[in-house]
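Data block below; observations after.
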Amino acid sequence: MSEEASSSDGNGKVSRVFRIGTRKSQLARIQTDSVADKLKELYPDIHLEIVAMSTIGDKILDTALSKIGEKSLFTKELENALERNEVDLVVHSLKDLPTTLPPGFTIAAVLKRENPHDAVVLHPKHVGKSLDTLPENSVIGTSSLRRAAQLKKRFSHLKFKDIRGNLNTRLKKLDEKEDFAAIILAAAGLRRMGWENRISQILEPEDCMYAVGQGALAVEVRARDNDILEMLSVLHDPDTVLRCIAERAFLRHLEGGCSVPVAVHTEVKESQLYLTGAVYSLDGSDSLKETMQTSIAPTAADKCVEEVDERVQRVGVTASKICGESQNAAERLGIELASLLLGKGAKEILTVARQNNEAS
């Protein structure tokens, strides 16, 4: 491999330096540091260097994400650096990673999921209220079509307006102006930033289901780097991996993305994986929602440890230490649920949503 970095530990012993790519935002750095800390715990002699960079999504702040029309808004520059061997691994929020990765890349680790639900953060003058009790025509800020579609239907007395920027910027816009009564953010990001005290309300699935992969961190690598794949494989959280494979397979089969409102909810109970998936029109008035389940218990005959092989990927995830049959079952579940919704008219709903979004 070209351009490998190395360092000396002071005893003349030279060891390789692993460079971790990340976005520059405070949250991205916190997330990347948490992965680096886990690696240092597991491999005390490891040398890590963090390389921060800006992505398209960080630079274009005056346009709704769903209108930019680029699938890899927060990942492209990081993947370019990975391809050029300028970094060896990249830490992402899994929900930012498209369900089909560019050739030559794979997700080598999906870490234990933080709370995947969305949270309501109220303007200081509304503290103590909830979405239900906010005054008529209060304006709620969200950059997500998925959140807006679900919440418009459920809370018809409220208005919804786009808000962009990283977490710090959005909270500043909320607190320092009178434009918004509240904003909707991922609970996971707020918790990782240490801002749990700003969460006024966690939105339950009946109010707002979450985005595919929300709350989980993923580490992307070059698929040919078997040593790095092996090193990172211990970071995989089995339940999170299976839930996210099902969610990503559902989204991929629907051909959804951030330009259409698609939402999910998953849970693992007693070796059963439950997946609820839904599609919405932009105003939430038209929707389809179904739940399916599958067993993820490995059979006695199943060979549950695969060789690390870059070709064995499921929706971009390589997880050789997690039972292959369980992963296959999770992927099939996502595809079957998407097929069920497509058979009931999901494609029409999403096509109209996409057209309306582009026209608005």
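Computed from heavy atoms alone, side chains included, the values below leave out hydrogens, waters and symmetry copies.
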Is there a side-chain hydrogen bond (donor to acceptor under 3.5 Å, both in side chains) between Thr266 and Glu247 once you walk through the steps?
CA-CA 8 Å; Thr266 47; Glu247 293 172 17; 2.6 Å; yes
Nearest 0.5 Å please: distance from the OH atom of Tyr210 over to the NZ atom of Lys95.
13.5 Å
Side chain proximity check, Pro261 to Leu282, heavy atoms < 4.5 angstrom:
yes
Test log, rule salt bridge (Lys or Arg N to Asp or Glu O under 4.0 Å), inputs Glu79 and Arg222:
CA-CA 9 Å; Glu79 285 173 340; Arg222 292 176 289 266; over 6 Å; no
Look at the side chain of Glu358 and the backbone N and O of Ala353, then say whether any donor-acceptor pair between them is shorter than 3.5 Å.
no
Measure from the side-chain N and O atoms of His265 to the backbone N and O of Leu275, and report whether any donor-acceptor pair falls under 3.5 Å.
no
Between Lys40 and Asp33, does any NZ, NE, NH1 or NH2 come within less than 4.0 Å of an OD or OE carboxylate oxygen?
no
Any donor-acceptor pair under 3.5 Å linking the side chain of Ser25 with the backbone of Ala28?
yes
Does one side chain, of Ser233 or Lys321, offer a donor that lies under 3.5 Å from an acceptor on the other?
yes
Report the C-alpha distance between Arg198 and Asp175 in whole Å, list the side-chain angles of each, state the deciding distance to 0.1 Å, and finish with yes or no for salt bridge (Lys or Arg N to Asp or Glu O under 4.0 Å).
CA-CA 11 Å; Arg198 289 303 308 265; Asp175 291 344; 2.8 Å; yes
Close side-chain approach of Ile183 and Ile140, heavy atoms under 4.5 Å
no
Among Arg113, Glu114, Arg146, which residue meets the side chain to side chain donor-acceptor pair (under 3.5 Å) test with Gln214?
Arg146
Taking 4.0 angstrom as the limit, do Arg16 and Asp227 come out as a salt bridge?
yes
Answer with yes or no whether the side chains of Thr169 and Asn166 bring together a donor and an acceptor at under 3.5 Å.
yes
Between Thr133 and Lys129 (side chain of the first, backbone of the second, donor and acceptor by atom type, cut-off under 3.5 Å), is there such a pair?
no
Is any NZ, NE, NH1 or NH2 atom of the basic residue among Lys344 and Glu290 found under 4.0 Å from an Asp or Glu carboxylate oxygen of the other?
yes
Please say whether the positively charged group of Lys269, taken as NZ for Lys or CZ for Arg, lies over the ring of Tyr274, i.e. under 6.0 angstrom from the six-membered ring centre and within 45 degrees of the axis.
yes
So, do Leu174 and Val121 sit near enough that their side-chain heavy atoms are less than 4.5 Å apart?
yes
I'd like to know if Glu255 and Arg354 make a salt bridge, using a cut-off of under 4.0 Å between side-chain N and carboxylate O.
no
Would a line drawn from the ring center of His47 to the ring center of Phe18 be shorter than 6.0 Å?
no
Ignoring hydrogens and geometry, is there a side-chain-to-backbone donor-acceptor pair from His123 to Lys177 under 3.5 Å?
yes
Would you say Leu82 ends up clustered with Leu78 if hydrophobic residues are merged whenever their side chains have heavy atoms under 4.5 Å apart, either directly or through other cluster members?
yes
Are Asp283 and Ser281 linked by a side-chain donor-acceptor pair shorter than 3.5 Å?
yes
Salt-bridge criterion met for Glu206 and Arg154 (N-O under 4.0 Å)
no
State plainly whether the residues Arg191 and Glu196 are in salt-bridge range, i.e. N to O under 4.0 Å.
yes
Intermediate values then yes/no, side-chain hydrogen bond (donor to acceptor under 3.5 Å, both in side chains), Glu204 and His117:
CA-CA 7 Å; Glu204 294 303 323; His117 297 283; 4.9 Å; no
